Each structure stands twice: as structure tokens, then as C-alpha cells.
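Below: one structure, written as C-alpha cells.
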Amino acid sequence: MNPTTFVLFGATGDLAKRKIYPALYHLYIHGKLPKSFAVIGLGRKELTDETFRAHVKQSLHEFYRLDVKEDDTLRSFLDLFGFNILHIDRLEHFVQLKERVESWENGAGGAANRLFYLSVAPNFFGTIATQIEQSGLGSVTGWKRLIIEKPFGHDLASARELNSQLSQAFTEDEIYRIDHYLGKSMVQRLEAFKQANPVIQALWTSRYIANVQITADETVGVEDRAGYYDQAGAIRDMFQNHMMQLLMMLSIHVPNTNATAEDIRLKKKNVLEALEPLARQDVHTRIVRGQYAAGAIQGKPVQGYTSEPGISPDSKNDTFIAAKLNIDNYYWRGVPFYIRTGKRLKSKNTRIVVEFKEPLRSSAAAEDTSVPNLLVFEIGPNEGITLQLNTKDPNHKGEFKPVHIDMFPDRIEGQEAYETLIDDALNGDSTFFVHWDEVDLSWQWVQPILEAFEAGEVPLYPYAAGSHGPEAANALLAQDGFHWWFDEPSEHEAANAEEGRKPVEHVTAS
Ligand SMILES: NC(=O)c1ccc[n+]([C@@H]2O[C@H](COP(=O)([O-])OP(=O)(O)OC[C@H]3O[C@@H](n4cnc5c(N)ncnc54)[C@H](OP(=O)(O)O)[C@@H]3O)[C@@H](O)[C@H]2O)c1
């Protein structure tokens, strides 16, 4: 690869120290950074190159999850870093930055690339793009790329405004929008798992699938993000981006193993285009909105949302969302997709459950002890794929018991979302970044929900911290004859527990 400068806006911030420096270090020690590489950190603080390197080193000791040795490798890694003071609204600072980058590029020789990473508040994105353009920093001899973090706008109009500002300096092909859920290794394996297994592909339709459940539960509350979160809520913080991405990754059909980034992104766009639109007057029938009240998490009492520091006592913000969506296309017509996500819930868990239909289930349901077949993707904090099947219960004549076949995919040693994503951006692989079409279409779908919330047309249900969310989220599935899997022990497991039987047999298949 040509000499490459990593230009980091917000180099003194939280994301940089927690994620970006550890990821760069990981790529460096695994030989994945370009041979000729420099990082220029930017911020208003008056750091020198030396004090900045000390800051980076400190971040590695604090946040890289393996031991960082004080050796020549670390020293040569830190030598890649330099710092420039930069106020976002001062053009002369961009001109100075350009001179520094050019002087490094001249020393490195040949055509040179620039990767701009905006690790700053989103309201700065537009100004930075304009300054890059006006200072000439955007004129490159190699490629230039831009990495930005979600949130991409606050609603449909602001997202479009932001995109038009970015488009002044970067083409769509040059913009790499991070949604770190797409960097999670199980999410990246989801598509490959479907593509590489014809048996899964064959089952991936409404003919066999009864419903899909996508859950992202957190135990944490609003923490120190009150200012941001009280304006965003679960709908903007999680649903419009991470949850919609999981929905797309689960439901796309890419028929061959050589799919390109364009193939995958086109299929994702097709899914969003096929989503049955939700009219504002119907929002209350398909969306459940909740806010945590006081309760207990793992035995420890915690306060309610409106008692949290920085949150107004009469805040009507949502900390929980559940939704029912339908994809109106050949594969998924008639299969409900249920999504839920929230804070201060019983356990931390991100998972997708695919529930299969039971065409052969006996009509004498009371005697039928079989359970639906399930395919479960555990995305975090643990990773794995589980298939639930039925088997004869040898100890109870005529009864079935579920067996779980567990597949634990090998973890690539030390792989973490930001390492994968920065590596991909350096190599021009946009597969697991968010295309503008996805941003625009997902905001289009969410916009009536925002409007209905704003107008107070959707009830805000309180739920006790440490619960699974409001009861209305269960009713959303119950009206279709389903229930959320794995919230409580299943009827079968409860009966087994009562009778002292072994609950579910696990078979490991890895
Ligand atoms: N933190 C996370 O874990 C996380 C997770 C996902 C997404 N994000 C997103 O990542 C971005 C950065 O978040 P963060 O948590 O790192 O924010 P942060 O800790 O508040 O850092 C903001 C950075 O911006 C710089 N900055 C602020 N005003 C500036 C100005 N006028 N001119 C130049 N630089 C300025 C600050 O440096 P100086 O004070 O030195 O100027 C600082 O380095 C945001 O878009 C956020 O939404 C963060």
C-alpha cells in the first residue's frame, strides 16, 4: 500500500483512547498497517508530539486487552504518532495540518493516501468536511477516505443535511460509516453461515420460519451520557442503527460465497425497501415504548431513569423499544420480525432467535411435549450458534425433550470490532460499513415513530429495572401466538425442574 496518513480528529477524546489506539496497536503488531504509516492526532489541547505519544501509550496500557510490553515494538509504534493543535472552525489550522501531512508524504515518496477519522461530536462533521475541502487537504495523490461514527443525524432531515455537507468533500465510495455492530464477529459470520450452508439457505424462507426475534438488552443505565441519551432515547441510540443492521444482516439472501461489498449492500437496501411502511396512526399498534423505573439489577438496587443525574424528573424519553416489522418480499412475507432493546434490563444479551414452524405438531397440543426448532445466534457478550431440536425422552415414554446442538465458532485471536473495521477501511473493503441508502431508508422507516412519540401518541410504559421490559412487549408477540424465547425457563424446562429432570441436553459440535 502507498504511504498512508491517518488523520485523527478528536485524538484526545474518549473513543480514541478506548478503541482507536488499541485497534491501531493491534494491527501494528500483527503487521497489518501499511509499511509507511503516520498518525496525526488533532484537538484543541496544547499537546506536543511527545506528550501525545505518552497519552497514546497510557491508553494502550489502560485499554488494550492484552499486556503491552515496554519494548522496541511499542517505541516504534509510538514513533508513528504526531500531534497538531486544531480548532475545527479555524481554516489556518487545516492549512498547517496540510503542510505537515505533505511534508511527511514528500519524505515517504510516491503517491500517498489520507484516511480522515472524525472521532468528534457529529455536529462538527459538516464543518470539518468543508474545511478539508477549502484548505486543499482533500487533494490527494493516492486515495482519500473518511470514517465517521454513528449517530448519522437525529432524524431524516438532519441525516440528509449531514450527508449533503459530507458530499461536498467526499464521494459515497470514500465515506466509511461505522456501526460497530457490523464489526462484531458473529454478525460478520452470519452472512457467511447462510451462504456456505445450503441446508440453511433452503430453510431461510417464510415456508419454514414462523418468526424472528432480535434482542439487544443492556443492564447499564444512562451512565454519564445523560445529555446525549435524553435527546436520543432507545429509538435513535439503538433501534434506527444497530437493530436495523441486525435485521438486514439476518434477512438478506446472498446466493453465492463470492459476494462483493456491493452485492451485500444492495441486498440490505432491498430489505429496507421491502419493509412494510408504518403509518404514524399505526405506530402504537406495533411499537412499545418504555422507561425504566427503580428496581434491582443482580440483587443491587438501582434508581429509575428520571432520578439519574442530568435527567429531568419529567423526562418522557424512551429507554426501551420493542417493535414488530414485516418484510414484504418473496422470502419473508407473513413472517413477523420482533425487535427489542433497552437499558437496565435483567441481563446483558444480544441475540437473534429464528423460530421454525411446526407443521407436524399434533393437534392434541396438550399431550405434545415437543418444542419448536430454534436457530439461535448469540452475538454478545458470548458468541455461539445453537440449534434446538426435539428428541425422544428415554425416561418418559411418549414424551419429547429438546436437545441443543451448540456450535462455538473459533474466535480469531484478539479480534475486536474496531480492529476489523479500521483494517477494512485501510484496505478499501466497505462490506461492513453503512451505505448512505441504508441510513436514509432506515430514517424514513423510523420518522413516523419519532413524530408519534413527539406528539405523545404512544404510551410510555414504566418497567422495573432488572425486568425484561414492559408487559406490553410480551403482548406484542402474544397476540400472534408467540413469546420471547429465553426470558424465563420454558414451560418444558420449568416442568423438568419441578420433576428434577435434566433440563436441556447440550451437544457440542465444534
Ligand atoms: N466514546 C465512545 O465509546 C463512542 C462510542 C460510539 C460512538 N462514539 C462517537 O464518537 C465520536 C467521539 O466521541 P467521544 O466519546 O470520543 O467524544 P469526546 O470524548 O467528547 O471527545 C471529543 C473530541 O473532540 C475534540 N474537540 C471538541 N471540540 C473541538 C473543536 N472545536 N475543535 C477541535 N476538536 C474538538 C476534543 O478534543 P479537545 O478537547 O482537545 O479539543 C476531543 O478530542 C462522537 O461522534 C460519538 O458519538 C463514541
Side-chain angles (χ1 to χ4, degrees), residues 6-24 39-49 51-52 54-56 58-59 62-65 81-97 116-132 135 137 146-154 158-159 162-163 165-166 175-184 216 218 220 222-234 236-238 240-243 245 310 343 380 416-422 425 433-434 439:
F6 190 95
V7 182
L8 179 59
F9 294 84
T12 54
D14 186 64
L15 182 72
K17 72 176 177 192
R18 275 175 199 282
K19 299 289 182 188
I20 300 174
Y21 302 140
L24 287 172
V39 183
I40 305 206
L42 304 162
R44 293 164 306 174
K45 292 195 183 65
E46 303 208 347
L47 301 188
T48 61
D49 288 352
T51 51
F52 179 49
H55 171 77
V56 174
Q58 178 61 30
S59 311
E62 230 176 300
F63 296 107
Y64 186 56
R65 67 205 130 86
F81 287 75
F83 190 84
N84 261 37
I85 296 171
L86 180 138
H87 287 245
I88 274 154
D89 39 14
R90 291 184 50 186
L91 183 62
E92 70 272 23
H93 287 171
F94 283 78
V95 174
Q96 285 159 11
L97 170 63
F116 300 96
Y117 197 131
L118 309 196
S119 182
V120 291
N123 55 317
F124 290 136
F125 293 175
T127 313
I128 295 177
T130 309
Q131 302 278 46
I132 287 176
S135 62
L137 197 55
L146 175 76
I147 299 184
I148 55 171
E149 291 277 339
K150 70 128 213 192
F152 311 121
H154 190 69
S158 60
L162 172 63
N163 199 52
Q165 287 175 327
L166 293 179
I175 302 176
Y176 288 68
R177 297 178 191 83
I178 287 189
D179 180 316
H180 71 272
Y181 272 54
L182 288 178
K184 289 180 188 278
E218 296 179 280
V220 293
V222 66
E223 298 180 292
D224 54 3
R225 298 163 73 214
Y228 156 76
Y229 193 82
D230 204 41
Q231 300 303 311
R236 293 180 172 91
D237 186 48
M238 292 291 292
Q240 178 272 335
N241 35 65
H242 305 317
M243 304 309 281
Q245 286 296 334
K343 289 194 177 295
E416 206 269 336
Y418 279 82
E419 291 156 12
T420 314
L421 293 171
I422 292 174
F433 293 85
V434 182
V439 180

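Atoms within a ligand are numbered from 1 in the order they appear, just like the ligands themselves. Quick caveat: nothing in here was measured; it's all calculated off a predicted structure. Just so you know, residue 1 is the first one in the sequence shown, and it goes up from there.
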Using the rule given for salt bridge (Lys or Arg N to Asp or Glu O under 4.0 Å), can you reason through Asp237 versus Arg225, listing the C-alpha separation, both sets of side-chain angles and the distance that settles it, and then say yes or no?
CA-CA 11 Å; Asp237 186 48; Arg225 298 163 73 214; 3.4 Å; yes

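- Among protein heavy atoms, the minimum distance from atom 46 (C) of ligand 1 is reached at Lys150 O, 4.5 Å.
- Residue Glu149 has at least one heavy-atom neighbour below 4.0 Å for each of these atoms of ligand 1: 6 (C), 7 (C), 9 (C), 10 (O).
- The shortest heavy-atom contact between Val120 and Phe9 is CG1-C, 3.7 Å.
- The shortest contact between atom 33 (C) of ligand 1 and any protein heavy atom is with Leu86 O, 3.1 Å.
- Closest to atom 25 (C) of ligand 1 among all protein heavy atoms lies Gly10 CA, 4.0 Å.
- Relative ring orientation between Tyr21 and Phe52 is described as perpendicular, the plane-to-plane angle rising above 60° on a 0-90° scale split at 30° and 60°.
- Where the criterion is an N or O separation shorter than 3.5 Å, residue side chain and backbone included, Gly43 fails it with respect to ligand 1.
- Distances below 4.0 Å separate heavy atoms of Ser119 from the following atoms of ligand 1: 11 (C), 12 (C), 23 (C).
- Between Tyr418 and ligand 1, no pair of N/O atoms sits closer than 3.5 Å.
- Contacts of Tyr228 with ligand 1, taken as heavy-atom pairs under 4.0 Å, are absent altogether.
- Judged purely by distance below 3.5 Å, without hydrogens or angles, the side chains of Thr130 and Thr127 never pair a donor atom with an acceptor atom.
- Side-chain polar atoms of Glu223 and Tyr229 form no donor-acceptor pair below 3.5 angstrom.
- Every atom of ligand 1 is numbered from 1 in the order shown, and the set under 4.0 Å from a heavy atom of His87 is 32 (N).
- For atom 32 (N) of ligand 1, the nearest non-hydrogen atom of the protein is Ile88 N, 3.0 Å.
- Side chain of Asn84 to main chain of Leu42: no donor-acceptor pair is present (N/O by atom type, distance under 3.5 Å, no hydrogens or angles).
- Contact annotation: for His180 versus ligand 1, there are no heavy atoms closer than 4.0 Å.
- Distance from atom 37 (O) of ligand 1 to its nearest protein heavy atom, with residue and atom name: Thr12 OG1, 2.9 Å.
- Ligand-side atoms of ligand 1 in range of Ala11: 43 (O), range being under 4.0 angstrom from any heavy atom.
- Looking only at distances, a side-chain donor or acceptor of Ser59 sits under 3.5 Å from a matching main-chain atom of His55.
- With hydrogens and angles disregarded, no donor-acceptor distance shorter than 3.5 Å links the side chain of Gln245 to the backbone of Asp179.
- Proximity of a side-chain donor or acceptor of Glu218 to a complementary backbone N or O of Val220 within less than 3.5 Å is not detected.
- The side-chain tip of Lys184 points at the ring of Tyr181 from less than 6.0 angstrom away and within 45° of straight on.
- Using modelled atom types, one side-chain atom of Arg236 and one backbone atom of His154 make a donor-acceptor pair closer than 3.5 Å.
- Every N/O-N/O distance between Phe124 and ligand 1 stays at or above 3.5 Å.
- For the pair His180 (side chain) and Ala417 (backbone), a donor-acceptor distance under 3.5 Å is absent.
- Shown here, atom 21 (O) of ligand 1 is in close reach of the protein: a heavy atom of it lies under 4.0 Å off.
- With distances taken over non-hydrogen atoms, the option nearest atom 10 (O) of ligand 1 out of Asp14, Leu118, Ile20, Leu15 is Leu15.
- Against a heavy-atom cut-off of under 4.0 Å, Pro151 is close to the following atoms of ligand 1: 47 (O).
- Considering backbone and side-chain N/O of Val120, one or more are found under 3.5 Å from N/O of ligand 1.
- For atom 26 (N) of ligand 1, the choice among Lys19, Glu46, Arg44, Arg18 with the nearest heavy atom turns out to be Arg44.
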